[in-house]
Amino acid sequence: QGRFVESGGGLVQPGESLRLSCTPSESRYTIGATGWYRQAPGEERELVASINSGGSTNYEDSVKGRFSISRDDAKNTVYLQMNSLKPGDTAVYYCNADRQIYWAPWGQGTLVTVSS
């Protein structure tokens, strides 16, 4: 019963692309300032990309130039376009509020596996 539902993950080879989607788990919720987080086995969950209410974006250094976060207000959806994927991108990806004070319960995430 997370606040958001993540989808779009899968198994890809290095260099390929995926687009992840984040939608509210209930229609009463509205997507606002949102971050994409990822967690690899044995690692802390980390914020890799975020978009604020005005559309400004920020990226973790390791994904700059490869990942792009966007929001479609009409569809109430936040996307993460991931290009030039690397094995190090393998993780479960989650979306949530971009600031910890606004975090809602975490969803199940979507698994991205990059392997040759």
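Note that the coordinates shown come from a computational prediction; the quantities given were computed from them, not determined experimentally.
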Side-chain donor-acceptor distances from residues 103-116 under 3.5 Å, at least two apart:
from   : atom 1 : to    : atom 2 : distance (Å)
Trp103 : NE1    : Tyr37 : OH     : 2.9
Trp103 : NE1    : Ala97 : O      : 3.2
Thr110 : OG1    : Gly9  : N      : 2.9

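- Between Tyr59 and Lys64, the shortest heavy-atom contact is O-CE, 3.2 Å.
- Atom CD of Glu44 has 12 or fewer neighbouring heavy atoms from other residues, nucleotides or ligands inside a 6.0 Å radius.
- A cation-pi arrangement is present between Arg3 and Tyr29 under the rule of less than 6.0 angstrom and at most 45 degrees off the ring axis.
- In this structure, the side chain of Glu26 does not engage the main chain of Arg28 through any donor-acceptor pair within 3.5 Å.
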Evaluate the criterion side-chain hydrogen bond (donor to acceptor under 3.5 Å, both in side chains) for residue pair Thr34 and Asp98; output intermediate values, then yes/no.
-> CA-CA 5 Å; Thr34 301; Asp98 68 335; over 6 Å; no
Tell me which donor-acceptor pairs under 3.5 Å the side chains of residues 45-52 have, and how far apart each pair is, sequence neighbours excluded?
from  : atom 1 : to    : atom 2 : distance (Å)
Glu46 : OE2    : Arg38 : NE     : 2.9
Glu46 : OE2    : Arg38 : NH2    : 3.4
Asn52 : OD1    : Gly54 : N      : 2.9
Asn52 : OD1    : Gly55 : N      : 2.9
Asn52 : OD1    : Ser56 : N      : 2.9

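- When side chains are defined from C-beta on, Leu18 counts as touching Leu85, because their heavy atoms get closer than 4.5 Å.
- Annotation for Trp36 and Ser21: closest pair CH2-O, 3.5 Å, computed over non-hydrogen atoms.
- Residues meeting the side chain to side chain donor-acceptor pair (under 3.5 Å) test with Asp72, sequence neighbours left out: none.
- The shortest non-hydrogen separation linking Ala40 to Ala91 is N-CB, 3.9 Å.
- No side-chain heavy atom of Thr23 sits less than 4.5 Å from a side-chain heavy atom of Ile31.
- Considering all non-hydrogen atoms of both residues, Ala33 and Ser53 come closest at CB-N, 4.0 Å.
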